[in-house]
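These notes concern the structure reproduced below.
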Amino acid sequence: MINITLPDGNVRQYEVGTTAMDIAKSISEGLAKKVLAAEINGEVWDSTRPLTSDCSFKLLTWDDDKGKNTFWHSSAHIMAEAVEAMYPGVKFWVGPPLDQGFYYDMDLGDQHITEEDLAKIEAKMNELAKQNNAFERTEIAKDEAISYFTEKNDEYKLDLLQNLEDGKITFYKQGNFTDLCRGPHIPATGLVKAIKLTNIAGAYWKGNEKNKQLTRLYGITFPNAKLLDEYVVMIEEAKKRDHRKIGRDMGIFCFDDDVGQGLPLWMPNGTIIIEELEKLAKETEEVAGYKRVVTPHIAKESMYITSGHLPYYQDSMFPPMELDGTKYYLKAMNCPHHHKIFDAEPRSYKELPLRLAEYGTCYRYEQSGELFGLMRVRCLHMNDAHIYCSKAQFGDEFRAVNDMYVKYFKIFGIDKYVMRLSLHDPAKLGQKYIDEPELWKETEAMVRNVLIESNIPFIEVQDEAAFYGPKIDVQIWSAIGREFTLATNQVDFAQGKRFKLSYNSAENKPEIPLIIHRAPLGTHERFIGFLLEHYAGKFPLWISPLQVKILPISDKFMDYCKDILAQLKSNGIRAEIDDRSEKIGRKIRDTELAHIPYMFVVGEKEMNDNAVSLRIQGKGDQGSVAVADIIASMKKDIADRV
RNA sequence: GCCUUUGUGGCUCAGUGGUAGAGCACUUCCUUGGUAAGGAAGAGAUCGUGGGUUCAAUUCCCACCAAAGGCUCCA
């Protein structure tokens, strides 16, 4: 007998060789039907695998992430079985589960799968699922596995086998499909009731662009059809939030072939948002002791040799233009220009920390396939600043920058983000990173300490640092689930030295300043792209391109409306009159759909009372309000940015 | 950059080897109506660009341009 510890802490005795499924059945048949896998001593196992020693035990169903992962991983095997049946000779690489669904990478040789074929593969998968074939696990010796795949001429699985230890190799078989797989799997294919293959894509073998490109099929499956329907609705909702769609509908930005890829044109409504953001940044930075500067968009090659951008960053810069034998580059960053301002006059320790701020325009030659709406562009406006400080001042300065992030995020109600401490990879010193191993260690520790002392939750990631130092990135996700860095706070221990920057210390000795690069509002492009999705186009009053639409009941009240409009404008409120000869219901509908925060409905009653009937976006009719009162209340909300 | 897909009026989308259609938006007229779509008429597209095949191409082929999804999540 073996002792099995249940999740509630109870210990029960079972025969050696009992399976998780047996235990589930002993509890209830209904439960057993839902079991996808089991967690044995913290490890996910097939529910049909015999238990041979004392262990802790938990059943996994669709409600557990680990259960879902098992379900999707097994679904990848069903997809592979379908593809193998339809495309003989196909070779498979790996087929892992994702946060939402799964994929399988495969080499189809000369064969081709198009989107039209996906439905056929889905049909085949449904057929295989209905057969309710069991997933059978076999342990297999490495030699045997190698000869099996050598015979199949499958270089991909042989490659995987190279890194596996003998004695830990397992095959899984369902129906006619056998795969090298660690498992675990769901009991049988019949649990998969709803299948959707979502897309087909190329993916480099092992993620290396020098390798062969494999075909990757993505799909998602569910234990019932209703969940699939809900998933489809959710995807459609996410698409409605996509900043590319809302941005066009609201006249925020556009692209034009003659201007170029990744070069957004900011339309009047988008420009208002930009100006409100800059106003916020300038106010905040003024209070925080920043000084504003303005610098050119181009600079000579020599400056980028000094800065190190040319050796480390050239691929991301537009190629140079040559004038009278001198090369000029469009700036990809503002820092070198700011360093030159630091260096323009002798500096004393009394001037530090010196904080230079600019909403700088930068140009980056991103690969064409990486461009993505406003989130990834080639022309960007950065909420940039550089703080020159002593080592002693570094902690306070870095912390103050973090506080500024938090303040901004509160204004915008941003709560779904992850702070990421991005570290260098020692193996890439001298290539991707400046070759100063000691300084890397020292500054990484400094940044980590600031985060810990400030009690900010964060994750650490290797090989994501800037070439000149570690950084903290704020990671966010777009409506369709892509991850981006929204804001960044970077340490730079390298450029001070490279630019020979120095200040006179209290001991009257030259010292090299530490530099903090920071962009709490990121770039206009990415930040506004993010805000469009975050608010689904329904901007708060203060930043909304149009704040009030005045809706006359009929054009008899037009003069009164014009009077209100003039009052709003003289109070700095952005307003328009809907002067179309439409019914009020129509005007309201169109204004609601255009996401205008405030509507003033104006008829005879309002005109007589010197009032408006207030309607707030999404909240409906608010009743009659005196014009002077509503203007005062709006002005307060706009000033408070609520 | 690479793989797959797409490219028809401002937007969403039909359609065809014989030079195009709908809805919304737009313009004009009628309507002056009290909290999410009033009615009528009208204008608007050399079907992404360039080449090829053909008597004839928006439709078939090729190239280019642009867009979308993916190329990180290691059996």
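No experiment lies behind these values; they were computed from the predicted model shown. Both backbone and side-chain heavy atoms feed into the values below; hydrogens, waters and symmetry mates do not.
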- Query: Within the structure, does a side-chain N or O atom of A:R586 lie under 4.0 Å from either OP1 or OP2 of B:rG38?
  - Reply: yes
- Message: With nearest nucleotide decided by heavy atoms, which residue, A:Q617 or A:D590, maps closer to the 5′ end of RNA chain B?
- Response: A:D590
- Item | Donor + acceptor pair across side chains of A:D154, A:Y148 (<3.5 Å) | no
- Between NE2 of A:H243 and P of B:rA68 the distance, given in whole Å, is 9 Å
- Task: May I ask you to verify if any side-chain N or O of A:Y218 is less than 4.0 angstrom from the OP1 or OP2 atom of B:rC71?
- Result: yes
Side-chain donor-acceptor contacts of residues 595-609 of chain A below 3.5 Å, not counting sequence neighbours, with atom names and distances?
from	atom 1	to	atom 2	distance (Å)
A:E606	OE1	A:G603	N	2.8
A:N608	ND2	A:E604	O	3.3

- Distance in angstrom units between A:M375 CE and B:rA68 C1', rounded: 16 Å
- Looking at A:R580, does any N or O in its side chain come under 4.0 Å of the phosphate oxygens OP1/OP2 on B:rG33? no
- Task: Measure from NZ on A:K587 to P on B:rA25 and round the result to the nearest Å.
- Result: 15 Å
- Query: Within the structure, does a side-chain N or O atom of A:Q261 lie under 4.0 Å from either OP1 or OP2 of B:rA67?
  - Reply: yes
- Task: Taking only the side-chain nitrogens and oxygens of A:Y204, find out if one of them lies under 4.0 Å from OP1 or OP2 of B:rU72.
- Result: no
- Message: Categorize A:Q100 for me: base, sugar-phosphate, or nothing, with a 4.0 angstrom heavy-atom threshold over every strand shown.
- Response: nothing
- So what does A:D257 hit on the nucleic acid, given a heavy-atom distance under 4.0 Å: a base, only sugar-phosphate, or nothing? sugar-phosphate
